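Every heavy atom of this structure was used, including side-chain atoms; hydrogens, water molecules and symmetry mates were not. Computed from a predicted structure; not experimentally measured. Note on naming: letters A, B, ... go to the chains in the order of the sequence lines (proteins, then strands), and numbering restarts at 1 for each one.
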Amino acid sequence: MYALVDVNSFYASCETVFRPDLRGRPVVVLSNNDGCVIARSAEAKKLGINMAEPYFKLRGLLERHGVVVFSSNYALYADMSMRVMTLLEEMAPAIEIYSIDEAFLNLTGIDNCVSLEQFGREVRQRIAQCTKLGVGVGIAPTKTLAKLANHAAKKWSRTGGVVDLSNPLRQRKLLALTAVEDVWGVGRRLGKRLGAMGITTAIQLADADTAFIRNNFSVVLERTVRELRGEACLAIEALPATKQQIVSSRSFSHRISDYQAMREAVCSYASRAAEKLRTEKQYCRQVSVFIRTSPHDTASKYYANQATSRIPIPTQDTRDIIALALHGLERIWQPDQRYIKAGIVLGDFFNHGVAQPGLFDEFRPRANSDSLMTLLDTYNRSGRGKIWFAGQGVNQDWKMKREMLSPAYTTRYNECPVANLR
DNA sequence: TCTGGGGTCCTAGGACCC
DNA sequence: TCTGGGGTCCTAGGACCC
């Protein structure tokens, strides 16, 4: 049996935990650059504010209803997440941290001591007591059904935030009430295609022929069908898999047309990506850089391009990654464009920095690279200040907007720790 | 004027090998 | 006139998740 535990309105709740004066008031949290809404308190949801709506379009409505608005404060959310996950780890034999606010629990052996539903209530109570955050708990024999149970626990308040779907009859009852798009793994596109075939509810999907689904869709959707029937196809992954790529990208606070500003941004993203690579204890051989204008700009033609550079010996040295990124940037840079976003993607990972160089390769690894990078990372995490590369610039006026940022209640700085939350 | 930032997996098709 | 059968690797694109 599995449980899915997730925090209600996670980002919005993290903000109100430290502002009891805001309890009962509508609260929303914005994406980076104060772009669009990515979290809403229950009160804000009631006002009809949708997920991913652009802030500038909502401004009037938000003001009229006295909605409290926050920029995202990832340092705070990451810290609160860690507290919740630590509590869950104490309560279950194994957990899989699925996202910043969700975890799957392996419930093996739990029902020897207490009913599963009772266990769900204890989880809720303990997390509320220690963090003041509310969670929903869905319990079922497969992950997909546990997701569905969790969904139901949030939707119907008389469940008290816990739904146990051990019973197959209850499973079918809930499946019949669920739209196919609300199934985990079915998005808008698949929902539409399924709808055209007459499959509009979760129970119809569960009863569909697996061979038919496999032929017309993919093995992924076939697994979903089986999971809905109670046949577990997905296991708890207690150890996070090694990453296959690392992305570091941001939109700018305003449009950029100046090469120097773009160069600073690319250097900064490359440096950040290299830091993440080192926390993953990986070395990479491929660095891509991408730049683009805004697709919403109607005045000028949309331009988006990317360039990939490779290095013969895997590296985790910021200097190599910056050099590769800038080499790519030179190839795709076009003057007279109004750029809105740039980013770096690292790929082709190795877990060591050794490779057989070609006989005629001129490239040689840098001496003492590991010690220098370790020194850099240790110092930057010490809280005494930051060392950065000259190419990253000093003023950085392209840096993202965060005009409604809350204080660092639980951490010393409002910078996201390099610690990785998948 | 203003529209986020990360990830994963799967499939199809092309290039190439013997 | 007629031209096999079995692979691998890579990339782009599509779909999904939070």
For DNA chain C, the expected dot-bracket line (Watson-Crick or G-U under 3.5 Å, [ ] crossing, | inter-strand) is ....||||||||||||||
What's the shortest heavy-atom distance between A/Thr200 and A/Gly195, and which atoms?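 So the minimum-distance heavy-atom pair works out to CG2-CA, 4.3 Å.
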So, [X] versus [Y]: side-chain donor-acceptor pair below 3.5 Å or not?
X: A/Ser309; Y: A/Arg331; value: yes
X: A/Asp101; Y: A/Ser99; value: yes
X: A/Tyr302; Y: A/Gln337; value: no

Spacing between [X] atom [atom1] and [N] atom [atom2], to the nearest angstrom:
X: A/Tyr74; N: B/dG5; atom1: OH; atom2: P; result: 9 Å
X: A/Met400; N: B/dC2; atom1: CE; atom2: P; result: 19 Å
X: A/Asn32; N: B/dG6; atom1: CG; atom2: P; result: 8 Å
X: A/Ile344; N: B/dG7; atom1: CD1; atom2: C1'; result: 17 Å
X: A/Leu277; N: B/dG6; atom1: CG; atom2: C1'; result: 16 Å
X: A/His254; N: B/dC2; atom1: NE2; atom2: C1'; result: 13 Å
X: A/Glu403; N: B/dC2; atom1: CD; atom2: C1'; result: 11 Å
X: A/Ile246; N: B/dG5; atom1: CD1; atom2: P; result: 17 Å

Applying side chain to side chain donor-acceptor pair (under 3.5 Å) between A/Asp348 and each of A/Gln245, A/Gln286, A/Arg310, A/Gln244, report the one that passes.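 So the option named by the test is A/Arg310.
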[Y] backbone acceptor or donor facing [X] side chain under 3.5 Å:
X: A/Arg124; Y: A/Val162; value: no
X: A/Arg25; Y: A/Gly66; value: yes
X: A/Arg193; Y: A/Asn216; value: yes
X: A/Asp297; Y: A/Ser300; value: no

Please tell me if A/Arg292 has a side-chain N or O lying less than 4.0 Å from either OP1 or OP2 of B/dG4.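 Checking A/Arg292 against B/dG4: no side-chain N or O falls below 4.0 Å of OP1 or OP2.
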If the cut-off is 4.0 Å, is A/Lys341 near the phosphate of B/dT3, judged by side-chain N/O to OP1 or OP2?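 Checking A/Lys341 against B/dT3: no side-chain N or O falls below 4.0 Å of OP1 or OP2.
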Mind checking A/Ser248 for me? I need base, sugar-phosphate or nothing, with any heavy atom below 4.0 Å counting as a touch.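 Here A/Ser248 touches the backbone only, sparing every base.
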Pick base, sugar-phosphate or nothing for A/Ile340, based on heavy-atom distances below 4.0 Å to the nucleic acid.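 A/Ile340: backbone/sugar contact only, no base atoms under 4.0 Å.
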Mind listing the residues from residues 45-68 of chain A sitting with a heavy atom below 4.0 Å of DNA chain C? Number order is fine.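 Under 4.0 Å from DNA chain C: no residue of residues 45-68 of chain A.
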Around atom CG of A/Asn50, are there more than 12 heavy atoms from other residues, nucleotides or ligands closer than 6.0 Å?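 Check passes, neighbour count above 12.
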Can you tell me how far C1' in B/dG4 sits from the matching atom in C/dC17, rounded to whole Å?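 About 15 Å, rounded to a whole number of Å.
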Listed partners of A/Phe18 passing ring-ring contact (aromatic ring centres under 6.0 Å, His included), at least two apart: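 Result, ring-ring contact (aromatic ring centres under 6.0 Å, His included) vs A/Phe18: A/Tyr409.
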Would you call A/Lys276 and A/Glu280 a salt bridge, taking side-chain N to carboxylate O under 4.0 Å as the test?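 Salt bridge flag = no for A/Glu280 with A/Lys276.
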Sub-4.0 Å heavy-atom contacts from residues 204-214 of chain A onto DNA chain B, ordered by number: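 None, since no heavy atom is under 4.0 Å.
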Heavy-atom nearest nucleotide on DNA chain B for A/Ile38 versus A/Val220: which residue maps closer to 5'?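 Nearest-nucleotide comparison on DNA chain B picks A/Ile38.
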Let me know, please, whether A/Ser218 or A/Ser249 comes out on the 5' side of the other along DNA chain B by nearest nucleotide.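 The 5'-side residue here is A/Ser249.
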Looking only at the aromatic ring of each residue, does the gap between the centers of A/Tyr11 and A/Tyr74 stay below 6.0 angstrom?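 A/Tyr74 vs A/Tyr11: aromatic centres under 6.0 Å.
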Kindly say whether the aromatic ring centers of A/Tyr98 and A/Trp184 come within a distance under 6.0 Å.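 Yes: the rings meet the under 6.0 Å criterion.
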Sugar-phosphate or base contact per nucleotide [nucleotides 9-18 of chain C; S, B, -; heavy atom under 4.0 Å]: ------SSSS
Give every donor-acceptor pair under 3.5 Å between a side-chain atom in residues 136-151 of chain A and any protein atom, sequence neighbours left out.
from     : atom 1 : to       : atom 2 : distance (Å)
A/Thr142 : OG1    : A/Leu145 : N      : 3.2
A/Thr142 : OG1    : A/Glu227 : O      : 3.0
A/Lys143 : NZ     : A/Glu96  : OE1    : 2.7
A/Lys143 : NZ     : A/Ala235 : O      : 2.8
A/Thr144 : OG1    : A/Glu227 : OE1    : 2.6
A/Lys147 : NZ     : A/Glu102 : OE1    : 2.7
A/Asn150 : ND2    : A/Leu4   : O      : 3.1
A/Asn150 : ND2    : A/Asp6   : OD1    : 3.2
A/Asn150 : ND2    : A/Gly136 : O      : 3.1

